[in-house]
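Naming: A, B, ... by sequence-line order, numbering from 1 per chain.
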There are 2 protein chains.
Amino acid sequence: MTMSNTGGRRRAPTIHDVAREAGVSRGTVSRVLNGGHYVSPAAQEAVNAAIRKTGYVVNRHARSLITGRSDSVGFLLTEPQERFFEDPNFNVLLRGCTQALAAHDIPLLLMLAGTRDERRRITRYITAGHVDGVLLVSSHSGDPVAEELRAAGVPLVACGKPIGLGSKVSYVAADDRDGARDMVRHLLSLGRRRIGVVTGPLDTPGGVERLAGYREVLAEAGLPADERLVVSGDYSRASGEAGAERLLERAPDMDAVFVASDLMAQGVLAALHRAGKRVPQDIAVGGFDDSPAATAATPALTTIRQPWDRISSEMVRVLLAQLGGEEPAAVILPTELVRRESA
Amino acid sequence: MTMSNTGGRRRAPTIHDVAREAGVSRGTVSRVLNGGHYVSPAAQEAVNAAIRKTGYVVNRHARSLITGRSDSVGFLLTEPQERFFEDPNFNVLLRGCTQALAAHDIPLLLMLAGTRDERRRITRYITAGHVDGVLLVSSHSGDPVAEELRAAGVPLVACGKPIGLGSKVSYVAADDRDGARDMVRHLLSLGRRRIGVVTGPLDTPGGVERLAGYREVLAEAGLPADERLVVSGDYSRASGEAGAERLLERAPDMDAVFVASDLMAQGVLAALHRAGKRVPQDIAVGGFDDSPAATAATPALTTIRQPWDRISSEMVRVLLAQLGGEEPAAVILPTELVRRESA
DNA sequence: TTCTCTACTGTGAACGCTCACAGAAGCATG
DNA sequence: CATGCTTCTGTGAGCGTTCACAGTAGAGAA
C-alpha cells in the first residue's frame, strides 16, 4: 500500500509504529497484543486497525529476550529418522502432539538428531532457549541427550519410560506389561497352553515389559516357564519371520504365539503359512500395537491397541504443566485388546 | 560447581559474567564468540576458559534481536505428513539438507503445516523471523504458503518447480522431462512400439513434465499419439494397479509401459501379473524415482534415478546464497537411467 | 467535599547481545 | 619526532519488546 515490496526486505514495522498509527502508547499496544486486559474498547479497536494497516507482526526475538519464553516446543528425535518415519504410530503421535499444542497456539518444531554431531548442535540450540520444552521420542536406553537436557534444566517429557534416568524426568507410556498380560490371558482363555513369545529388543522398556507380562500370566496360570518358547526380535517383519522359524523348530507343539509388535507378527504369519500351520486353528497369533499392519495381515491380527492419541495429548499436557511450574510426572495409560481373526 | 541445579532454572550466565570472569570486556568476549578476529591469544584463552567455567551459552534471542538473523533454517511441509514420511525419497532429501546445513553449523527445523490452521501459525512464526530461510517441499500447485512467504520477503527455495509462482522464487528440480525422454527412448530401443504411460497427478510439475517427455519422444520417433495409451495416477501403488488395468483394457496390444513412479510401477507389475503378462517379455515396464520399491519389485524395475543427494545440497546452496544477498535461481539437475530387469 | 477504588494509559528501565567508534599500544616509515 | 598503519581493547548505544510503576480520570462511598 505505502511502499512496494521489491525483493529486499524493508524494515519491518515495530510496536512503536503501531502505537503512533493508533495514537496510543507502546504499553497499550503491548497490552492488546497480550490479551487486551485493561484496554478500552476504543483503544483496542484503534490498535487492531493500526496492526492491520501496518502489517505488524511481533518480533519474537525481542519478546523472548525479555519474557525468557519462546512459545514453541520441540519434538526431538534422537535416532535415525527412517526408523520413525516408517512407523505409522509415530505419525499418529506427531500429529496428536501438533494438534494438542495448536490448541494453545504453540508451534511445534521437529528436530532430528540422529548423529552425534547433530545431537551436539541441537542440544546447544535447545539449551540456548529456542524452545520452552521438549517432547522426546527415543526408544532406546541410555540416551545421552535426555540426560544432558535434564541437567540443563530443560522441561522434558519422554514418550515411553526412559531407561537409566532417574525419576526426575517426565514420561508418558502405555501400560506395556498390562497389555501383554491381557493378550496372554486371552490366548489362555482360548484353551491354548503352549504359548510362545517373540519379544522386542530387550534394551527397550517395551521389550522388557511385554515379556514380563507374558511370564507373569503364565506363572499365575501355573504353567511351566519354558525358555524354548521365548525368542527375541527387533520389531522388524524379518525378525518376526526368523523368530517364528526358531520357535517352530524348538517347540513344534506350540499352539499360540504372542508377538510384541504387529510388524513382527506379519513375519510370524508368513513363516507359519510356509510351515503349513493354519492360523488360528493350529496356532493362534497375538500382536501388539494395532498398527495398519494388523488389519492388512491375513488373517487380521488380534492385537493390543496403544492409546496413541491419548499418549500425545498427555505428553503435551504434562509438558505444559511443567512449563507452568509443576513437578515432573509419569503417566501410564491403559491398553486395549482388539479381537480379530488371528486369535 | 558453584551452585546445585535443583529443579528451577537459575539465572543463566551472560556475556557479562564471562567477561568479568575472564578479566576482559563484553566486546572481547563477543569477538571470541564470533570468530576470534582481532583478539590476542591471551584474551582468547582467558575467554574460552571462562566460558567453560561458567557454562555460558549465548542467548540467541538477544543475538537475533540485533543481527536480525536466527541462524536456523526451516524445512516446511505444507501437505499431510503421511504422504512424505512414507516416501523414501523424502527421507533422503531431509537427511541431505540436514547434512548440507550442518556443514555451516545451521540447525534445521522441520515444520509441518498440513491444515489451514497450522499453515497460519507456521507462516506467522516464520515471518516473525524465527528462521532465516525456508526449504519448501510441496508437490502440489497453487500453494498459498509459498506465495505468502514470497510476499513477506522470506528467502525460499522450493523442491520441484512451483506452479503458478513467477520466477521470483528459487527452486531445484530434477529434469523430469529429460528423464522421461530417456526412459521412452530406452523402451523404443528395445523395439517396443505400443508404449503406454501411467502419469502422475497432472497438477504437479512432475506429472506434467514426465508426460510431456513421453509425448515428445513418441512424436520424434514418428509414432502416432494414441490417447488410449495414456492414463493418470496419483503416485500411489493402487492407482498404478488401476491404471494398468485400464490400459490393458483399452490397448491389449501394448508392449511397454512407462510409469511415472516406482510405487505406481509396483501396482502395474501386480496388475500385469494377474493378467498373465510376462515382464519384460510381453510388456516392458519403466519406472521413475529409483526408490527402494524399484529393487524390491519382481522383476526389479528399470527406472530413472533422481539425484536426491544433489537436489538437497543444491537447495541448501541456493538458499544460503540468497541469504547472502544473491538473486533467486532455478537449478535443474540431470537424471540417470538405471537398467534392471523390467525393461 | 474528600477519600478510595477501579479502569485505563504512558514512561523508563530492563533483557543480553552486537556494532560502530574511539582509543591505546607497538612498530615501521617519512 | 611526527605520522601512519595494524592489532587489539573497552564503551555507549540500540535492537523491539515486556514489565513495573506512576499516574489520570471517573464513579461511588464516607
Side-chain angles (χ1 to χ4, degrees), chain A residues 9-51 54-72 124-125 127-130 132, chain B residues 9-51 54-72 124-130 132 152:
Chain A
R9 298 211 225 187
R10 67 179 147 174
R11 192 180 136 283
T14 75
I15 203 173
H16 240 112
D17 301 325
V18 176
R20 186 160 10 87
E21 182 72 36
V24 298
S25 71
R26 284 168 12 242
T28 300
V29 176
S30 179
R31 276 184 286 267
V32 171
L33 256 32
N34 294 285
H37 299 302
Y38 291 100
V39 179
S40 68
Q44 178 91 250
E45 179 73 11
V47 168
N48 283 329
I51 288 176
T54 55
Y56 170 79
V57 280
V58 24
N59 181 323
R60 300 183 84 120
H61 297 307
R63 173 181 284 177
S64 295
L65 178 55
I66 190 159
T67 60
R69 285 175 289 113
S70 67
D71 297 317
S72 63
R124 252 205 340 245
Y125 193 75
T127 51
H130 244 288
D132 293 338
Chain B
R9 297 212 225 187
R10 64 179 150 174
R11 194 180 134 282
T14 75
I15 203 172
H16 241 111
D17 302 324
V18 175
R20 186 158 10 87
E21 181 71 36
V24 298
S25 71
R26 287 172 4 246
T28 300
V29 176
S30 178
R31 275 184 287 267
V32 170
L33 256 33
N34 293 285
H37 300 302
Y38 291 100
V39 179
S40 68
Q44 179 92 249
E45 178 72 13
V47 168
N48 283 328
I51 288 176
T54 55
Y56 170 80
V57 282
V58 13
N59 181 322
R60 299 183 85 121
H61 297 307
R63 174 182 283 176
S64 295
L65 179 56
I66 189 159
T67 60
R69 285 175 288 112
S70 67
D71 297 318
S72 63
R124 249 202 347 240
Y125 192 76
I126 292 172
T127 51
H130 246 290
D132 292 339

J.: Quickly work out the L65(B) CG to dG14(D) P distance and round it to whole Å.
T.: 14 Å

J.: For A62(B) and G27(B), take the nucleotide of DNA chain D holding the closest heavy atom to each; which residue's nucleotide lies nearer the 5' end?
T.: G27(B)

J.: Measuring to OP1 and OP2 of dC19(C), would you say a side-chain N or O of T67(B) lies under 4.0 angstrom away?
T.: no

J.: If you go through the side-chain atoms of R26(A), does one of them form a donor-acceptor pair with the base of dT18(D) closer than 3.5 Å?
T.: yes

J.: Rounded off to whole Å, could you give me the CG-to-P distance for the N59(B) and dA14(C) pair?
T.: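 Checked: the CG to P distance equals 18 Å.
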
J.: Which atom names give the shortest non-hydrogen contact between A46(A) and A22(A), and what distance separates them?
T.: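 Nearest pair, atom of A46(A) first, then A22(A): O-CB, 3.6 Å.
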
J.: Checking all strands, does R60(A) fall into the base, sugar-phosphate, or nothing category for heavy-atom contacts under 4.0 angstrom?
T.: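 The answer is nothing, as R60(A) stays clear of every strand by at least 4.0 Å.
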
J.: Which of these nucleotides, dT9(D), dT18(C), dT9(C), is closest to any side-chain atom of R31(A)?
T.: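 The listed nucleotide nearest to R31(A)'s side chain is dT9(C).
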
J.: Measuring from the side chain of Y56(B) (C-beta onward, heavy atoms only), which nucleotide among dC17(C), dC19(D), dC8(D) has the closest atom?
T.: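 Side chain of Y56(B) sits closest to dC17(C).
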
J.: Are side-chain heavy atoms of H37(A) and R31(A) found at a separation under 4.5 Å?
T.: no

J.: Between P on dA20(D) and OH on Y38(A), what's the gap in Å once rounded to a whole number?
T.: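 In whole Å, dA20(D) P and Y38(A) OH are 14 Å from each other.
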
J.: Counting side-chain heavy atoms from CB outward, which of dT9(C), dC17(C), dT9(D) is closest to R63(B)?
T.: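 Looking only at side-chain atoms, R63(B) lies closest to dC17(C).
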
J.: Using whole Å, report how far NE2 of H61(A) lies from C1' of dT17(D).
T.: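 In whole Å, dT17(D) C1' and H61(A) NE2 are 12 Å from each other.
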
J.: Can you check the I15(A) CD1 to dG12(C) C1' distance for me, whole Å?
T.: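 Rounded to the whole Å, the gap is 15 Å.
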
J.: Could you tell me the separation between the CZ atom of R20(B) and the C1' atom of dT11(D), rounded to a whole number of Å?
T.: 17 Å

J.: For the side chain to side chain contact (heavy atoms under 4.5 Å, CB included) test, which of N34(A), T14(A), I15(A), D17(A) pairs with V29(A)?
T.: I15(A)

J.: Assign the ring pair H130(B) / H61(A) to parallel, tilted or perpendicular, where the plane angle (0 to 90°) is split at 30° and 60°.
T.: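 Answer is tilted, since the angle falls between 30° and 60°.
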
J.: Rounded to the Å, how far apart are H16(B) NE2 and dG10(D) P?
T.: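 The distance from NE2 of H16(B) to P of dG10(D) comes to 12 Å, rounded to the nearest Å.
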
J.: Taking all heavy atoms of V32(B) and all of Q44(B), pick out the closest pair and write down the distance.
T.: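 Residues V32(B) and Q44(B), closest heavy atoms: CG1-OE1, 3.5 Å.
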
J.: Could you tell me whether the phosphate oxygens of dG10(C), OP1 or OP2, come under 4.0 Å of any side-chain nitrogen or oxygen in T28(A)?
T.: yes

J.: Is the phosphate of dT18(D) approached by S30(A) (side-chain N or O, under 4.0 Å from OP1 or OP2)?
T.: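 Answer is yes, contact under 4.0 Å.
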
J.: Please give, in whole Å, the distance from dT18(D) P to H37(A) NE2?
T.: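 Whole-Å distance recorded here is 14 Å.
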
J.: Can you identify which nucleotide, out of dT18(C), dT11(C), dT18(D), has its nearest atom closest to the S25(A) side chain?
T.: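 Closest nucleotide to the S25(A) side chain: dT11(C).
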
